[in-house]
Asker: 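Okay, here's the structure, questions in a sec.
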Amino acid sequence: MTREYENVKIDNFSTSWNNGLAFLALIHHFYPDSFSWDKVDERRRRENFQLAFDLAEQKADIAPLLDVEDMVRMKKPDWKCVFTYVQSFYRKLRDHENNKHSYAQQ
């Protein structure tokens with residue numbers, strides 16, 4: 001799902017999520033018209049988290065379980081908190097049409 005996104009490499013549930021790009025890649029995969037991936041900048045962590053959390057709530061009704069300010073303060077986010085939030089994505093989006101296309105391509 002996120003392999004095709006530049007600067008997104010998910011190895012764990014902590015540092016792989018510390019700049020907001022992994023969250024944005026998930027949102028963009030399912031809702032590609034919601035924002036322009038080309039305008040995303042990995043150095044703009046606060047903006048990335050804010051956009052990702054806002055869009056997750058607006059587009060997929062995923063409650064914002066993480067706080068933008070907490071995520072910006074931490075270079076190594078608590079993996080349990082990130083894991084819980086990512087589980088929310090899975091529960092809401094596992095039956096999404098774009099998810100079916102991803103599995104078909106593997």
Side-chain angles (χ1 to χ4, degrees):
M1 256 176 251
T2 60
R3 288 184 194 138
E4 69 267 17
Y5 291 93
E6 187 175 348
N7 297 322
V8 176
K9 184 176 182 220
I10 299 175
D11 298 320
N12 58 56
F13 284 102
S14 184
T15 54
S16 294
W17 302 82
N18 74 351
N19 61 10
L21 292 186
F23 293 114
L24 284 173
L26 280 176
I27 293 294
H28 195 263
H29 172 79
F30 291 103
Y31 303 99
D33 296 333
S34 62
F35 69 97
S36 173
W37 180 261
D38 296 334
K39 304 241 188 281
V40 172
D41 182 342
E42 66 182 314
R43 297 167 296 185
R44 301 185 70 158
R45 296 174 65 231
R46 177 175 279 104
E47 291 86 354
N48 295 343
F49 288 122
Q50 190 67 60
L51 180 61
F53 298 168
D54 288 348
L55 288 173
E57 188 170 24
Q58 293 166 12
K59 299 288 185 181
D61 196 30
I62 297 171
L65 301 178
L66 300 176
D67 181 71
V68 170
E69 294 307 316
D70 288 344
M71 293 299 289
V72 170
R73 267 195 305 276
M74 295 183 274
K75 294 291 184 192
K76 188 175 180 184
D78 181 340
W79 72 268
K80 290 174 265 174
C81 295
V82 172
F83 181 77
T84 300
Y85 189 50
V86 172
Q87 280 183 318
S88 298
F89 278 76
Y90 173 75
R91 282 192 301 276
K92 290 285 186 169
L93 300 171
R94 67 180 162 213
D95 296 325
H96 190 281
E97 185 64 29
N98 285 355
N99 201 32
K100 294 172 186 156
H101 293 304
S102 292
Y103 288 121
Q105 292 174 356
Q106 291 180 354

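Just so it is clear, the structure is predicted and the values come from calculations on it, not from any experiment. Residue numbers start at 1 and run along the sequence shown.
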Asker: Got a second to check how far Glu42's CD is from Leu24's CG, nearest 0.5 Å?
Answerer: 12.0 Å
Asker: Can a donor-acceptor pair be found between the side chains of Asp54 and Gln50 at a distance below 3.5 Å?
Answerer: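 The answer is yes; a qualifying pair exists.
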Asker: Before giving the answer on side-chain contact (heavy atoms from CB on, under 4.5 Å), spell out for Val40 and Phe35 the whole-Å C-alpha distance, their side-chain angles and the decisive distance to 0.1 Å.
Answerer: CA-CA 9 Å; Val40 172; Phe35 69 97; 3.6 Å; yes
Asker: Which heavy atom of Val8 sits nearest a heavy atom of Ala25, and at what distance?
Answerer: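 Nearest heavy atoms, Val8 then Ala25: CG2-CB, 4.1 Å.
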Asker: If I compare all heavy atoms of Lys75 with all of Thr15, which pair ends up nearest, and what's the gap?
Answerer: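 Shortest heavy-atom contact: O-CG2, 3.9 Å.
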Asker: Looking at every heavy atom in both Gly20 and Asn48, which two are closest together, and how far apart are they?
Answerer: CA-CB, 4.0 Å
Asker: Shortest non-hydrogen contact from Ala60 to Lys92?
Answerer: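 Of all heavy-atom pairs spanning Ala60 and Lys92, the closest is O-CD, 3.6 Å.
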Asker: With Tyr85, which of Trp17, Phe53, Phe49 fulfils ring-ring contact (aromatic ring centres under 6.0 Å, His included)?
Answerer: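 Exactly one pass, corresponding to Phe53.
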Asker: Just one of Arg43, Arg44, Lys39 clears the salt bridge (Lys or Arg N to Asp or Glu O under 4.0 Å) bar with Asp41, so which one?
Answerer: Arg43
Asker: Tell me the closest heavy-atom pair linking Arg45 and Met74, and the distance in Å.
Answerer: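 Minimum heavy-atom contact is NH2-O, 2.9 Å.
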Asker: If you take all heavy atoms of Ser16 and Ala22, which pair is closest and at what distance?
Answerer: O-CB, 3.8 Å
Asker: Roughly how far apart are Lys9 NZ and Leu21 CG, rounded to 0.5 Å?
Answerer: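 Between atom NZ of Lys9 and atom CG of Leu21 there are 14.5 Å.
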Asker: Measure the shortest side-chain to side-chain distance between Val68 and Met71 over non-hydrogen atoms and say whether it is less than 4.5 angstrom.
Answerer: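 Not in contact.
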Asker: How about Phe89 and Phe30: are their ring centres within less than 6.0 Å of each other?
Answerer: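 When the ring centroids of Phe89 and Phe30 are compared, they turn out to be at least 6.0 Å apart.
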Asker: With rounding to the nearest 0.5 angstrom, report the CG to CD distance, Leu51 to Gln58.
Answerer: 8.5 Å
Asker: Would you say Gln87 has more than 12 foreign heavy atoms packed within less than 6.0 Å of its CD?
Answerer: yes
Asker: Nearest 0.5 Å, what's the CG-CG distance between Leu93 and Asp61?
Answerer: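 Leu93 atom CG to Asp61 atom CG measures 10.5 Å (nearest 0.5 Å).
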Asker: Name the one of Asn12, Asn18, Asp70 that satisfies side-chain contact (heavy atoms from CB on, under 4.5 Å) with Pro77?
Answerer: Asn18
Asker: Return the CD1 to CZ distance between Ile10 and Phe23, rounded to the nearest 0.5 Å.
Answerer: 9.0 Å
Asker: Roughly how far, to the nearest 0.5 Å, is CG of Leu55 from CD of Glu57?
Answerer: 10.5 Å
